[in-house]
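These notes are about the structure you will find just below.
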Amino acid sequence: MNKRSLPAPVIRRLPRYFRYLEQLKSEGVERISSGKLAELMSSTASQVRQDFSCFGKLGQQGYGYNVAKLAAEFGDILGVNEKRSIILIGAGHLGRAIATNFDFSHYGFYLSAAFDVKPELFETYIVDGVAIHDIEHLESYIELYKPQAAVLTLTQTAAQECAERLVACGVKYLWNFANIELKLQGPDIVVEDVRFSDSILVMSYYMVER
């Protein structure tokens with residue numbers, strides 16, 4: 001199956017399956033049933049089987065699923081074995097926290113460069129080996145090094161313009177922390193939004209006395 005033809009809800013659940021399978025593999029678990037996996041994920045066995053049916057025959061009746069094999073299969077589908085260049089736009093506190101603490105290499109990426117508007121940051125390093133460049137050099141850098149994706153950790157007011165610049169240069173995969181819904185036009189553009197405000201408000205909802 002073409003990965004792009006997968007139902008969106010299955011794509012959203014796939015990283016969770018991969019995370020749990022990797023954990024099970026690290027614990028030495030060799031096989032698991034759909035019911036047990038569903039129990040771990042607070043799901044249902046029928047949902048697991050339905051999702052897995054999108055990928056063909058993955059398990060055996062009476063045996064279940066081979067954990068290592070399934071983790072490798074899903075890891076391949078998710079591209080964790082790739083080595084794709086990603087750049088970071090915005091070298092402030094959030095950008096530095098992500099660059100320092102997130103292991104891009106574990107998920108098929110390597111951070112190749114960072115960009116900012118502050119002159120005092122130019123040609124310093126956000127992490128070892130990853131230089132911070134003047135945002136004015138963004139287009140020339142992309143033309144030369146061809147990064148495939150970008151992390152946006154800049155202000156809401158700057159995010160839209162920067163995203164348009166990236167897309168115009170052919171960078172169509174954006175991991176957006178700018179807390180703004182980007183309006184972008186063009187084929188195959190993928191924006192993955194991370195909204196801290198939405199997450200904490202969901203928690204707040206459960207805290208409100210009713």
- same_hphob_cluster(Leu37, Val67) at 4.5 Å side-chain heavy-atom cutoff: yes

- From CG (Leu88) to CZ (Phe104), nearest 0.5 Å: 6.5 Å

- More than 12 heavy atoms from other groups under 6.0 Å of CG on Leu201: yes

- Transitively linked via ILVMFWY side-chain contacts under 4.5 Å: Tyr173 with Trp175? no

- Side-chain contact, heavy-atom cut-off 4.5 Å: Ile32 with Leu70? no

- Message: If we ignore hydrogens and angles and just use 3.5 Å, is the side chain of Ser199 paired with the main-chain N or O of Phe196 as donor and acceptor?
- Response: no

- From Asp76 CG over to Phe18 CZ, what is the distance, rounded to the nearest 0.5 angstrom? 10.0 Å

- Item | Set of residues satisfying side chain to side chain contact (heavy atoms under 4.5 Å, CB included) with respect to Arg13, sequence neighbours excluded | Pro9, Val10, Tyr17, Gln47, Asp51

- Note on the structure: On a heavy-atom basis, the closest approach of Ala159 and Ala178 is CB-CB, 3.5 Å

- Message: Counting only heavy atoms not in Lys172 (residues, nucleotides, ligands), do more than 12 fall under 6.0 Å from its NZ?
- Response: yes

- Item | Sequence-distant partners of Arg195, side-chain hydrogen bond (donor to acceptor under 3.5 Å, both in side chains), two or more places apart | Asn179

- Message: Suppose the criterion is ring pair (Phe, Tyr, Trp, His ring centres under 6.0 Å): which pairs have a residue in residues 24-48, not counting sequence neighbours?
- Response: none

- Message: Within this structure, what is the CE-CG distance for the pair Met203 and Asp198, rounded to the nearest 0.5 Å?
- Response: 13.0 Å

- Task: Quick one: list whatever passes side chain to side chain contact (heavy atoms under 4.5 Å, CB included) with Val191, sequence neighbours left out.
- Result: Leu174, Asn176, Leu182, Leu184, Ile189, Asp193

- Note on the structure: So CD of Gln185 and CD of Glu164: to nearest 0.5 Å the spacing works out to 9.0 Å

- Check Leu121, Asp116, Ile132 against Ile126 for a side chain to side chain contact (heavy atoms under 4.5 Å, CB included) and give me the one that passes. Ile132

- By side chain to side chain contact (heavy atoms under 4.5 Å, CB included), which residues pair with Ala38, not counting sequence neighbours? Ser43, Val48

- Item | Residue Glu161 excluded, over 12 heavy atoms near CD under 6.0 Å | no

- Looking at residues at least two apart in the chain, or sitting in another chain, which of them share a side chain to side chain contact (heavy atoms under 4.5 Å, CB included) with Ser85? Tyr110, Ser112, Pro147

- Message: Do Leu144 and Ile135 sit in one hydrophobic cluster, given that two such residues count as connected whenever their side-chain heavy atoms are within less than 4.5 Å of each other, even indirectly?
- Response: yes

- Message: Distance check, rounded to the nearest 0.5 Å: Ile200 atom CD1 versus Met207 atom CE?
- Response: 8.5 Å

- Query: Sequence neighbours excluded, which residues qualify as side-chain hydrogen bond (donor to acceptor under 3.5 Å, both in side chains) partners of Asp103?
  - Reply: Ser105

- Message: Are Val202 and Val194 linked, directly or through intermediate hydrophobic residues, by side-chain heavy-atom contacts shorter than 4.5 Å (ILVMFWY only)?
- Response: no

- Item | Partners passing ring-ring contact (aromatic ring centres under 6.0 Å, His included) against Phe109 (at least two apart in sequence or in another chain) | none

- Note on the structure: Here the salt bridge (Lys or Arg N to Asp or Glu O under 4.0 Å) pairs for residues 16-30, sequence neighbours left out, are Glu22-Lys25

- Message: For a 4.5 angstrom cut-off between non-hydrogen side-chain atoms, does Cys169 reach Leu138?
- Response: no

- Closest non-hydrogen atoms of Ala114 and Val130, given as atom of the first, atom of the second and distance, are N-CG1, 4.1 Å

- Listed once per pair and sorted, the side-chain hydrogen bond (donor to acceptor under 3.5 Å, both in side chains) pairs that draw on residues 145-155, sequence neighbours left out: Thr155-Thr157

- Distance (rounded to the nearest 0.5 Å) between Glu73 CD and Leu78 CG: 10.5 Å

- Contacts of Glu139 that satisfy side-chain hydrogen bond (donor to acceptor under 3.5 Å, both in side chains) - sequence neighbours left out: Arg165

Exercise answer: donor-acceptor pairs, residues 93-102 side-chain atoms, under 3.5 Å, sequence neighbours excluded:
{"unit_1": "Arg96", "atom_1": "NE", "unit_2": "Ala91", "atom_2": "O", "d": "3.3"}
{"unit_1": "Thr100", "atom_1": "OG1", "unit_2": "Arg96", "atom_2": "O", "d": "2.7"}
{"unit_1": "Asn101", "atom_1": "ND2", "unit_2": "Ala97", "atom_2": "O", "d": "2.9"}

- Message: Could you tell me if the side chain of Tyr141 sits less than 4.5 Å from the side chain of Ile87, heavy atoms only?
- Response: yes

- So, for Gly79 and Arg84, which heavy atoms are closest and what is the spacing to 0.1 Å? O-NH2, 2.9 Å

- Query: Hey, does Phe55 have a side-chain heavy atom less than 4.5 Å from the side chain of Leu6?
  - Reply: yes

- Query: Should we count CD of Glu143 as having more than 12 external heavy atoms under 6.0 Å?
  - Reply: no

- Task: Tell me whether Val80 is reachable from Tyr20 by hopping between hydrophobic residues (I, L, V, M, F, W, Y) whose side-chain heavy atoms are closer than 4.5 Å.
- Result: yes

